[in-house]
Amino acid sequence: MTNRKVPYSRVFVGDSERMYLNEVLESGWLTTAGKTLEFEKKFAEYVGVKYACAVNSCTSALHLAVDALGVGSNDKVLIPSLTFTATAEIVRYMGAHPVLLDCDPGSGLITASLLAKELERQRDIKYLIVVHYAGQAADMPAILDIAKRYGVEVIEDAAHAFPSRLNGVLIGNFSKITCFSFYANKTITTGEGGMLVTNDEAIYNRVKLMRLHGINRDVWNRFTSSKANWEYDVVAPGFKYNLPDLNAAIGLGQLEKAEEMRAARQAVAAIYYKYLGENKLLTLPKLNVAMKDHAWHLFTIILSDQAALTRNEMIERLVDRGIGTSVHYKPIHRLDYYAKKYNFQVEDYPQAEQVWQGTISLPIYYGLSLEDALYVAQTINELTGS
Ligand SMILES: *Cc1c(COP(=O)(O)O)cnc(C)c1O
């Protein structure tokens, strides 16, 4: 037993978040307005894309993305099994069906060869959602190449991947639509929030329309117009997915230190590689990119089935030592609703299973001291007897 506490996640809020938030509180207008516009503009500039649409979650962004691409009832959408349930549920929102891909067990990412095999097997798959698991970019050039060959449209679920690079290019610049998450434990946060980015004007217009009730003009325009203008029309049954200024204010502050926070997580990852790298009972994340190109949203280890304790026992022992951890993910093929509805079989996803059976996500965030990271690593080594 110990008094030492290393939580799994902790949000860092700095002076600029407080300052921008205060500006919003003083403004007399708390929901979507100038701060959200500014956040969108700065985010688009950061990524280097034409359009950024702020929304109240990445799930909303993904929903707007499948809507904008015209995913229809009974269409097949390929997604990784090793992802958060949001990637699958937005497919169901459209009445479409998720088809699951296995992953590379080292990185947890889908690969071009897994993709090619599945698209060859099921010629009627029309869409693919790529997840940059843990914050490491999937091989987008190879994936897009194969998708194009089969006429498949691609969306990126980049909930883990801001800022994340591939060959020096930020995620957000590869496919037609990329969606980011600003949920509380993501790499930058607005409490709850998300962003959809695109270079396609038609997609942007559709997303903007559907983001707010299908009203054909922004509420912001309506309230800032000099004319007394109450009139609006509705051209589609849209959603209520706008991001309030209250949240955008926090995002603006976070965005300013996105790279500083990423670098701090990289330093934590370096400690884990250094002190856990020799442990024969663990598999550490396989790197396909340079450390500095990884967003380091997650640091996942896989505990060998040869270890004296199970993954769940390890998590319990770590709690006893004051260390919080998590598991990413119980794969989609194991979630009750999807397993029952689609009769998914565990044998069909052996590599996602291999990850799931042994995986533990370790604390990694801006503000986690390197001493605490070292304590986590040494405790794990002690518990595995290494
Ligand atoms: C967190 C997460 C989401 C959903 O993000 P929200 O902003 O909470 O809606 C989607 N996909 C993945 C892979 C995630 O990790």
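Counting convention: from 1, in listed order, for ligands and their atoms alike. As the structure is a prediction and not an experimental result, all values here were calculated from the model.
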Rounded distance (nearest 0.5 Å) linking atom CG of Leu166 with atom CG of Asn173: 11.0 Å
Sub-4.0 Å heavy-atom approach of Phe180 to ligand 1: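 Judged by the 4.0 Å heavy-atom criterion, Phe180 does not count as contacting ligand 1.
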Within-shell test, Cys179 vs ligand 1, heavy atom, strictly < 4.0 Å: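 No, Cys179 has no heavy atoms under 4.0 Å from ligand 1.
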What is the closest protein heavy atom to [atom], and at what distance does it sit?
| atom | result |
| --- | --- |
| atom 9 (O) of ligand 1 | Thr59 OG1, 2.5 Å |
| atom 11 (N) of ligand 1 | Asp157 OD2, 2.7 Å |
| atom 8 (O) of ligand 1 | Tyr183 CB, 3.7 Å |
| atom 15 (O) of ligand 1 | His160 NE2, 2.7 Å |
| atom 1 (C) of ligand 1 | Lys186 NZ, 1.5 Å |

Six-ring centre of Phe239, Arg211 cation under 6.0 angstrom, axis tolerance 45°: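 Pair Arg211/Phe239 does not count as cation-pi.
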Proximity to ligand 1 by part of Tyr329, non-hydrogen separation under 4.0 Å: side chain
Mode of Ala159 contact toward ligand 1 - side chain, backbone, both, neither (heavy atoms, under 4.0 Å):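 Answer for Ala159: side chain.
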Ring geometry between Tyr51 and Tyr204 (parallel below 30°, tilted from 30 to 60°, perpendicular above 60°): parallel
Mutual orientation of the aromatic rings belonging to Trp296 and Tyr273 [parallel < 30°, tilted 30-60°, perpendicular > 60°]: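 Answer is perpendicular, since the angle exceeds 60°.
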Sub-4.0 Å atoms of ligand 1 with respect to non-hydrogen atoms of [X]:
| X | result |
| --- | --- |
| Thr83 | 13 (C) |
| Gly193 | 7 (O) |
| Ser181 | 5 (O), 6 (P), 7 (O) |
| Cys58 | 4 (C), 5 (O), 6 (P), 7 (O), 9 (O) |

Heavy-atom neighbours of Lys330 NZ exceed 12 at 6.0 Å: no
Heavy-atom neighbours of Asp15 CG exceed 12 at 6.0 Å: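 No, because the 6.0 Å sphere around CG of Asp15 holds 12 heavy atoms or fewer from other groups.
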Under 3.5 Å side-chain donor-acceptor pair for Asp348 and His333: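 Asp348 vs His333: no donor-acceptor pair found between side chains.
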Check: Asp233/Asn216 side-chain N/O donor and acceptor closer than 3.5 Å: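 No, no side-chain donor-acceptor contact under 3.5 Å.
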Distance-only N or O hit between ligand 1 and Phe84, under 3.5 Å: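 The answer is no, given that Phe84 and ligand 1 share no N or O pair closer than 3.5 Å.
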Minimum side-chain heavy-atom gap Ile380-Met314 below 4.5 Å: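 Yes - at least one pair of side-chain heavy atoms lies under 4.5 Å apart.
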